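Everything below concerns the one structure shown next.
All values derive from a computational prediction rather than experimental measurement. Residue numbering restarts at 1 for every chain, and letters A, B, ... go by the order of the sequence lines.
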Number of protein chains: 2
Amino acid sequence: MKPGSPRKTAKLADVARLARVSTATVSRTLTLPHKVKPATAARINQAVETLGYVAHGAARALASRRSRKVGAIIPALDNPIFASTVHALQKALDAAGYMLLVASHGYDAQVEARVIRALVEHGVDALVLLGTTHRACVLELLAAHQLPCVLTWALDAGAPLPCVGFDNRAAAVIVTRHVLDLGHDAVAMISGVTAGNERAAERLRGVREALAERGLALPASRLVEKPYTLSGGREGLRELLEGGARPTAVICGNDALALGALAECLDRRIAVPAELSITGFDDMEIAAVVTPALTTVRFPAAEIGALAARHLLARLAGQEVAPRTELQVELIVRGSTAPPARQN
Amino acid sequence: MKPGSPRKTAKLADVARLARVSTATVSRTLTLPHKVKPATAARINQAVETLGYVAHGAARALASRRSRKVGAIIPALDNPIFASTVHALQKALDAAGYMLLVASHGYDAQVEARVIRALVEHGVDALVLLGTTHRACVLELLAAHQLPCVLTWALDAGAPLPCVGFDNRAAAVIVTRHVLDLGHDAVAMISGVTAGNERAAERLRGVREALAERGLALPASRLVEKPYTLSGGREGLRELLEGGARPTAVICGNDALALGALAECLDRRIAVPAELSITGFDDMEIAAVVTPALTTVRFPAAEIGALAARHLLARLAGQEVAPRTELQVELIVRGSTAPPARQN
DNA sequence: TTGTAAGCGTTATCAC
DNA sequence: GTGATAACGCTTACAA
């Protein structure tokens, strides 16, 4: 038991000695101040101060069986929309005295399972996951450890765990109806990769449903799946144009795809939205400002993080909480127009 | 010692009992497999499997005096450029079996000090900070705990700690020279808030230096400081235009400011870059695609994260490492042009 | 190669 | 209000 060097920092016993009390009293002073006589507490705080005492989290966690750490696992921390969720989550946890352990899985279920296991080993008190689809072994692990867990960016009524999110399918229906109401009937979609990404799949489903309401369909020639990148959007648009069934409106699975598609239009001197309407999801303010052409749906990314934190903190405090929190999305109409044929 | 319920999960002793070995052997099998006879290891792994044993990180950390956790504190997790650094950091740490504890301080030194203390209490093995300016108490704390620490987005030769970053001042010089070489002499800057943000201050300094090289200055009428937001950029541009000393080129402290300025130009029907050149820092790919008008400097955000991880992992492994890693920035010329007067 | 056992620094249950 | 003290679950000399 030695590796990390023989410790030069003060421990609880040192504080106790200096303050002429037992370690029990010091511990109380630090965690339940009201249960200690003010005079004693003052003496102890003084000792803590002069020794520069810093509690040992691991020892504390071992004895108290709670680490005051929450784990979060996200598809990709460098996706700004998720970064926004993580940021809000961290701030809320910090305000309550909890630390955040983060990890990413890169849309790989196997990596997710491995990382969740690591998070459990590292002793988190609760877990924040993203989406509803997780390996069975993950749920077993959480059950075995009785770990409070909340699913974010998810809203599955049949989910085995509490959710905080919004309805991706409904959001897609809103966007699609908007486009259809403008008079478009040649609608195409550049979707995110739906395999292993239920959010992308739900958005695609919503588009299909809204089209079906008007007796329209989304044939293979009007659908491409691309990774959520700018180049994905460019390629997607290229393929749609070359596919023969040239659309008057393109619905993109997220804003990176939409901006990529827009960039491709600029290169090809296709006027947006006059000649081609482009809409997206995951509204990023930055995209909005520079592309007045882009109608989008804004997702409550930060709220998801804040509410996930609130949910878990409440449960950790032994309170009852709603198992499902549905947030609303907002359609932001910017430049979308009727299709060229009907214009004027 | 009971709060977190009386534990239903298997512990090391359970595995040992089932495998008919001592806890020491199980521990070895889990951490130093090569020091155990294969047959024994197999039996133990079998027991681990059937019991669904998951190690208890806190106990492990207490006994071994190392937590396999690294802490990082960042100004704002929702700034995409920092999110990129954190993402790379997390991936590199994960690959080495370390977890990442993240926190943000919102550009508040006091919050930073508090959070770093919390990170230390939570038992991180090493720390990643951002920038070179930190409270004295922070350095004392790190010294007292002998915590390996690396400063990112920093490159101070006189820094008391190892750095991984690039030269913000030099980057600003590059951009400014580029603008001057195009023939501009009416140059203005929309800087980030320099108070408490050395990176913003260095960029401003670099602009001033490059101007001075050509005998130019940056009078108060040509400088505004705004927070790193789109609306900051809009306001900044507005103030510069209303200030009387109308510039032909505006250098913005980061891309959010640049895009905000650009958006304001769009609203005012000011042609960019024909009438007004705008340049920025912190190149975000997304901005590049939608604004072919914007010349920027790309920062190696992800590399910083990856190298910070490599640095700390090496030190944790007892290796010697370079105390200073300087990365290069890249000027990306997109749409900048000569000032209107000289255009022909 | 494996076992024994002494911690690691706290917390929480009792007594007092 | 405060003090002893037995855990908490694991690692690692050291012994065998």
> Taking the nucleotide of DNA chain C with the closest heavy atom to each, which residue, B:Thr25 or B:Ala59, is nearer the 5' end?
Replying inline: B:Thr25
>> Between A:Ser64 and D:dC8, is there a contact of a side-chain N or O with OP1 or OP2 at under 4.0 Å?
In response: no
> Would B:Leu151 and B:Val164 count as a side-chain contact (heavy atoms from CB on, under 4.5 Å) if you check the C-alpha gap in whole Å, the side-chain angles of each, and the deciding distance to 0.1 Å?
Replying inline: CA-CA 6 Å; B:Leu151 305 180; B:Val164 176; over 6 Å; no
>> Tell me whether the side-chain N/O atoms of B:Ser27 come closer than 4.0 Å to OP1 or OP2 in D:dT11.
In response: yes
> Once you round it to whole Å, what is the distance between C1' of D:dC10 and CZ of B:Arg68?
Replying inline: 15 Å
> If you draw a 6.0 Å radius around CD in A:Gln319, do more than 12 non-hydrogen atoms from other residues or ligands fall strictly inside?
Replying inline: yes
> Between the side-chain atoms of B:Arg65 and the base atoms of C:dG9, is any donor-acceptor pair under 3.5 Å?
Replying inline: no
>> Please report the distance, rounded to the nearest Å, between NZ in B:Lys35 and C1' in C:dT2.
In response: 11 Å
> Within less than 4.0 Å of OP1 or OP2 of D:dG3, is there a side-chain N or O belonging to A:Ser22?
Replying inline: yes
>> Quick check on DNA chain D: between B:Arg60 and A:Leu62, whose nearest nucleotide comes earlier from the 5' end?
In response: A:Leu62
> Once you round it to whole Å, what is the distance between C1' of C:dC8 and CG of A:Asp14?
Replying inline: 14 Å
> How long is the line joining NE2 of B:His56 and P of C:dT10, in whole Å?
Replying inline: 16 Å
> Between atom CD in A:Glu121 and atom C1' in D:dC10, what is the gap in whole Å?
Replying inline: 12 Å
>> Heavy atoms only, 4.0 Å cut-off, all strands: where does A:Thr31 land among base, sugar-phosphate and nothing?
In response: sugar-phosphate
> Counting N and O atoms only, with roles assigned by atom type, does the side chain of B:Asp94 sit under 3.5 Å from a partner on the main chain of B:Gln90, one being a donor and the other an acceptor?
Replying inline: no
>> Please pick, from C:dA5, C:dT11, D:dT2, the nucleotide with the shortest atom-to-atom distance to any side-chain atom of B:Thr23.
In response: C:dA5
>> On DNA chain C, compare the nucleotides closest to B:His34 and A:Ala24; which residue's is nearer the 5' end?
In response: B:His34
> Can you find a side chain N or O atom of B:Lys11 that sits less than 4.0 Å from OP1 or OP2 on D:dG9?
Replying inline: yes
> How far apart are the C-alpha atoms of B:Arg315 and B:His311, what are their side-chain angles, what is the distance that settles it, and do they pass the side chain to side chain donor-acceptor pair (under 3.5 Å) test?
Replying inline: CA-CA 6 Å; B:Arg315 281 173 67 189; B:His311 173 102; 3.1 Å; yes
> Rounded to whole angstroms, how far apart are CZ on A:Arg17 and C1' on C:dG9?
Replying inline: 13 Å
> Rounded to whole angstrom units, what separation is found between the CZ atom of A:Arg28 and the P atom of C:dT13?
Replying inline: 11 Å
> What integer distance in Å separates A:Leu12:CG from D:dT2:P?
Replying inline: 15 Å
> Heavy-atom distance under 4.5 Å between the side chains of A:Leu101 and B:Leu100, does that happen here?
Replying inline: no
